[in-house]
Amino acid sequence: MPVASVQKILTPLNDAQRKAVMHLEGPLLMLAGPGSGKTRVITHRIAYLISQGVPARSILALTFTNKAADEMRNRLSTLVPGAPSWAGTFHRFCARLLRQHSSMVGLTENFSIYDTGDSRKVVKHAIETAKVNSQHYSADSLINQISFLKARGLTPADFEPRPGHPLDQIISRVYPEYQTQLKLANAVDFDDLLLHTVDLLRHNPELRESLDCMYQHVMVDEYQDTNHAQYQLIRLMNHNTQNLSVTGDPDQSIYGWRGADLNNILEFERDYPDAVIVRLEHNYRSTRSILSVADQLIENNLRRKPKKLLTDNQQGDAVRLVTYTSPREESDDIADNINLTVQQGGRSPSDFAIFYRANWLSRSLEHALRKLAIPYQIVNGHEFYQRREIKDVLAYLHLINNPRDNIAFERIVNVPSRKIGKVTLGRLRSYARTENICLLDAARKCGLIETISKGAATKVAKFVALFDELSVLEAEVVESIIQQVVAKTGYREWLIQDDSEEGHERAGNVDELIVSAQEFDLEHPEDGGLEAYLEQSALVSDTDAWEADANFVTLMTIHAAKGLEFPSVFIVGCEDGILPHERSQENDDEIEEERRLLFVGITRAQENLQLSRCVSRFKRGAFWPAIASRFLLELPRAEMKIVEPSSVDFVPNDDFSDQQVPFDVDPWMHEGIQINDSGPDTPEQQDELTEAGPSPAPPKPSRAASGKPDFPRLMTGTDLAKQAAGRTHTLEFQLGMRVEHDEYGQGTIAELSGTNIKRTATVDFDGIGSKRFRLAFCNLRIVSSG
DNA sequence: ATTCGCAAAGTTTTT
DNA sequence: CTTTGCGAAT
């Protein structure tokens, strides 16, 4: 590699960064504070290794999200074009490895990956089959326990119930049964991906050795969030060559609740006595004001490695600490704020992010942003895949890919309704259980099952015939499989049979899925296919859905915000019981993790930061008094800008801890009713008042399942928003409209589906035929409204 | 077998 | 305020 390239790699680095980048062999620990250029160091280090003759394919980079891996690949390709090193998440890496060696862990390569909902169903079955009395323990708590055991790398055989712990006794019966049923279904849960891989490497020294040899350099990002299973995996792959480099920040460890072990990073030096340690303490991201607040907060944690946050950046604006009377006011004020700043030309919507502790806190924010027509995106990637209709269609795909997938079978055997009921299914299940076969095979033999009546058997046989017809599709592109599944099963007609709005909404979501499959097919001409698609849909992470380049305000949980940065950040709901969360107050460790969470949120901000709390919050159908988060008292209030509301008369101070009575529900504060302010003088406000009722044109509800009046996620109704979003207003398009496209000329809108940025139109072009478009990304002009 | 209705419970955070 | 679950009626 030419000297010039090496210069390009090393020049943009500071001393500490350069030291890390030029570290060639042996274990390396990078303690990287927020905004210290961690990703840059990792990519430059990979580039440097390659420049020193290390083959790219021998470098393995494990990241926390797919997004981070993509980012890394992109940056690397500008430094070293065409370097084929592997970067991805632990779960993906393990899935890939397991598919190659599935038989060694009792699976076949087409195994299904179960999400938490699926796992919960399996646990429920396991509870029934194991005949334990679990009345005092919810299925959820059992799932958590099992997941926790798995995170610690404990198989059912490893688990020793402690005497005197009733829960342990139950676990010791349910856990093995749970694993048995998963194996029977040729399925794994998220934890299994790691656990099975560890198992695989433990019991196959040759394989372990060959991986060790293949990946000479292993890099792990966000090491503070690894759990014990991941730790074991890393150690297994570093037996011979200890070229392991990890980056992390103990102060940013926020996944303890799912088994992440802070000790992994705190004791790295003990595990690898030769480890070189590099501290990246120079912050390139935030103003002094912001860093000072972050610093003072995190100093309250005892379990940490003291670390300073240094910067050359300017002092910047004071961090604002605002008290609002209600979430409504909080949301409206933030939306106002964003709106004004954008109008003054200082910022664009994508400069802003709003963080919260729990997803439900986004509701009032959405409402407020919509009112002002501020374009926004909610980062909540799982939400779409949780919808019933999506899970149904995916269940068909799962069953096609893996006929042993019992959960998928149960989900769709009677969807759309085939008059196969609980009783028949129960008989099928017990037959399958005694014969030790999967449900589909049991269904094939339903004629032989004495308990099943002739009539029921015919229906089941018909379903099996339908399945066989579908299973032929396996090798086709995913879009085509879904299209045919939806058609041949009559699923679409079933959705819209009652012609309800909800039904059409659901059908629209299925279309959205088809579009996403289409995109997947296009993006994966070589490595695609049904199995890959299902794996991808199972392993998407929330942040993966985040679109960095779109010009939207970003709404996300603080967890999802990890690794990102924004010029202006709002953190809402800094209240006791929310942050720290009420379920995280049992011990100091949990409180410290909550404190780190706020630390992570604060350190995402580059220039402006506002922390806010409300004096009352709408919860469980009533307004409840809300106490300020204890963390707010730990901040350097003297250097912050404190804003109190003009009328906090009903809560004189923060000492409200004993009162557990909701306020009377105050009609003035209800969503959708504005009486405080001036009445509905302007047409715009009129719209606001009627928006909860039926309105003639779309906005389509974006949450079909909830049935509550909802509003489009992306509101681009004003010139401001159009300008800001830099794209056509996606909601204006109507069926039958005449539109014009640069390439295809004029045509008529034949079909509309999907919502928000996924809103898709099918256009019949004159003399050309029909084409599908994502409205947010195409250049369709309206010619006339048809 | 499905549908409807009511009651109770419950709201972290995510691969 | 939601969602989920269960039980009774059709």
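Chain naming here is simple, since letters A, B, ... match the order of the sequence lines and numbering starts at 1 in each.
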Starting at the 5' end of nucleotides 5-10 of chain C, put B wherever the base has a protein heavy atom under 4.0 Å, S where only the sugar-phosphate does, and a dash everywhere else. S-----

Flag the pair A:D249 and A:K38 as a salt bridge only when some basic side-chain nitrogen lies within less than 4.0 angstrom of an acidic carboxylate oxygen. no

Full working for side-chain contact (heavy atoms from CB on, under 4.5 Å) between A:T554 and A:Y376: CA-CA 6 Å; A:T554 298; A:Y376 65 93; over 6 Å; no

Do A:W546 and A:F566 have ring centres separated by under 6.0 Å? yes

Once the angle between the rings of A:F463 and A:F409 is folded into 0 to 90°, is it parallel (under 30°), tilted (30 to 60°) or perpendicular (over 60°)? perpendicular

Can you name the nearest heavy-atom pair linking A:N227 to A:G259, along with the distance? CB-O, 3.0 Å

At under 4.0 Å between heavy atoms, what does A:N359 touch on the DNA or RNA strands: base, sugar-phosphate, or nothing? sugar-phosphate

With a non-hydrogen cut-off below 4.0 angstrom, is A:S417 in contact with a base, only sugar-phosphate, or nothing? sugar-phosphate

Check every strand shown and say whether A:F90 touches a base, only sugar-phosphate, or nothing at a heavy-atom separation below 4.0 Å. nothing

Could you check whether A:K391 pairs with A:D115 (Lys NZ or Arg NE/NH1/NH2 to Asp/Glu carboxylate O, under 4.0 Å)? yes

Using the salt bridge (charged side-chain N to carboxylate O under 4.0 Å, His left out) rule, collect all pairs that involve residues 534-544 of chain A, keeping only residues at least two apart or in two chains. A:R99-A:E535

Could you check whether A:T424 gets within reach of a base, just the sugar-phosphate, or nothing at all, counting any heavy atom under 4.0 Å? sugar-phosphate

Would you measure the distance from the P atom in C:dT4 across to the matching atom in B:dT13 and give it in whole Å? 14 Å

By nearest-nucleotide position on DNA chain B, the 5'-leaning member of A:E582 and A:K422 is A:K422

Examine A:R258 relative to A:Y255 and say whether NZ or CZ is less than 6.0 Å from the centre of the six-membered ring and inside a 45° cone about the ring axis. yes

Along DNA chain B, first and last positions that approach a heavy atom of chain A under 4.0 Å: B:dA1 to B:dT15

Hey, does A:N414 reach any base, or is it just sugar-phosphate, or nothing, if we go heavy atoms under 4.0 Å? sugar-phosphate

